[in-house]
Amino acid sequence: MKVSKKVAGVEYAIRDIVLAARKVQQKGMQVDYLNIGDPVQFGFQPPDNVKQALIDAINNGENYYSTSEGLLDLRQEIAKKENTKGLSISADEILVTNGVSEGLDMVISSIVEEGDEVLLPGPYYPPYASYVRLHGGVPVEFAVDLDNSTPDIDDIKSKITSKTVAICLISPNNPTGVVFNEKSLRELVDIANQHNLYIICDEIYDQIVFDEKFVGIGKVAGDSPVIVLNGFSKVHLMSGWRIGYIAFNNSPKLDAIRENLPKLARVRIATSLPIQHAALESLRGPQDYISNFVSEIKKRRDLVVKRLNEMPGLSCPNPKGSFYAFPKIEDNRFGTDKEFVTKLLESKGVLTVHGSGFGEQYGSGHFRLVYLPSLEILDSAMNKIEEFVSQ
Ligand code: PLP
């Protein structure tokens with residue numbers, strides 16, 4: 001039977017590569033999984049008060065359909081969080097979603113028509129391109145200086161056409177760990193305003209920064225058409241519970257989307273009500289679990305970046321946030337980045353993701369690894385990568 005071309009074209013390298021790892025494991029080799037950005041699979045857990053809030057919600061009978069936009073108390077708490085980052089919004093500007101992933105789908109489907117172009121930071125987190133294509137649009141990558149954590153403003157300007165509808169930002173970034181500073185964010189907002197473009201800013205890693213204070217897009221948004229995507233999978237260690245949100249800035253330019261996008265939320269009915277109660281507790285309760293988590297993974301980042309930069313033929317910019325390193329493969333002895341990753345997996349059992357899975361244009365010649373495993377596992381994986389590149 002026929003399937004649509006749209007769906008046949010969807011790719012997600014981070015999960016697709018797992019099929020190759022399973023084959024290696026079936027042959028009896030142990031695999032170090034450095035491919036998936038899920039802290040909860042590496043021993044981090046939501047705190048007990050958050051788990052208890054979920055259990056209590058279930059026991060208290062909160063097992064029915066939520067309103068489509070989400071619990072008022074939760075939306076108020078989310079608005080408060082986004083306002084501390086610089087926005088000036090109320091609960092009415094928040095829509096609770098089944099993760100950032102669903103929020104992204106809703107936003108892209110609300111703004112993209114056949115042939116419309118969406119600017120993405122290159123390399124990009126794959127669902128951005130997938131959803132743009134799925135909804136008939138064309139992803140266009142702009143260059144980012146990975147060493148200096150800055151977007152290439154001239155490159156962006158040169159790529160804006162009459163078809164461009166939005167600029168997407170992911171800061172802190174997956175797969176590069178780049179965090180944009182205030183000056184860069186201001187420049188990006190200015191360009192968007194000049195060309196009447198939406199700014200869609202994914203801040204799912206907003207509290208996972210290591211060296212500098214995080215600045216959110218809210219700080220420079222003013223009354224620009226900024227849409228923030230955020231969620232509870234990373235910072236709040238609730239990946240499997242699937243909850244996130246869309247925050248609309250207070251901009252008259254967003255009136256049409258603010259009115260129309262919630263229809264999509266109503267069509268899909270709601271997000272899980274007990275999980276919303278847990279998310280509320282994760283914002284209201286003690287926050288020290290976040291700083292403990294971040295200081296733990298900072299040690300892991302430091303180890304991985306140091307080790308990678310000592311290896312022949314690899315160089316790795318220092319990721320300022322999130323939990324990914326994106327080393328460059330300086331020599332082409334191994335063939336393409338996909339061949340590098342496959343050979344590393346098959347010969348040493350270390351699973352990473354090829355950079356071109358994050359866009360050919362800027363991702364090729366790199367690979368991405370997740371530094372969430374314990375220091376012992378990371379050290380051992382680094383030994384294996386070192387042996388591999390030294391052979
Ligand atoms: N946005 C970015 C930049 C991500 O890296 C990820 C997960 O890796 C997601 C969104 C997915 O978020 P969620 O679990 O809320 O759907």
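Small disclaimer: the values here were computed from a predicted structure and weren't measured. When a ligand or atom number is given, it counts from 1 through the structure's own listing order.
Of all the heavy atoms of R242, the ones lying under 4.0 Å from any atom of ligand 1 belong exclusively to the side chain. At a heavy-atom distance under 4.0 Å, no atom of F232 approaches ligand 1. Only the side chain of I204 comes within 4.0 Å of ligand 1, counting heavy atoms alone; its backbone N, CA, C and O stay farther away.
With sequence neighbours left out, the side chain to side chain donor-acceptor pair (under 3.5 Å) criterion links Q276 to S66, T271.
Nearest protein heavy-atom neighbour of atom 8 (O) of ligand 1: K234 NZ, 2.7 Å. The nearest heavy-atom contact from the protein to atom 2 (C) of ligand 1 is D202 OD2, 3.4 Å.
A salt bridge links R268 with E102: the distance from a Lys NZ or Arg NE/NH1/NH2 to an Asp or Glu carboxylate oxygen falls below 4.0 Å.
Taking any N or O of N174, backbone or side chain, at least one lies under 3.5 Å from an N or O belonging to ligand 1. Where the criterion is an N or O separation shorter than 3.5 Å, residue side chain and backbone included, S233 meets it with respect to ligand 1. Backbone and side-chain nitrogen or oxygen atoms of V100 are examined, and one is located within less than 3.5 angstrom of a nitrogen or oxygen of ligand 1.
Of all the atoms in ligand 1, the ones that sit under 4.0 Å from a non-hydrogen atom of G99 are 15 (O), 16 (O). Close approach to I170 involves these atoms of ligand 1, each under 4.0 Å from a residue heavy atom: 3 (C).
Residues F340 and F367 place their aromatic rings such that the two centres sit under 6.0 Å apart. Taking the centre of each ring, Y362 and Y124 stay at or above the 6.0 Å mark.
At a 4.0 Å cut-off, at least one heavy atom of S101 sits close enough to ligand 1 to count as contact.
Around atom 11 (C) of ligand 1, the closest heavy atom drawn from Y245, F323, Y125 belongs to Y125.
Checked by atom type and distance alone, the side chain of R258 never pairs as donor or acceptor with a backbone atom of F248 at under 3.5 Å.
Placement of F214 and F210 in two distinct hydrophobic clusters is found when ILVMFWY residues are connected by side-chain heavy-atom separations under 4.5 Å, directly or transitively.
By the neighbour-count criterion of 12 heavy atoms within 6.0 Å, atom CG of D379 is densely surrounded, having more than that number from other residues, nucleotides or ligands. Annotation for K306: atom NZ does not count as buried by contact number, only 12 or fewer foreign heavy atoms lying within 6.0 Å.
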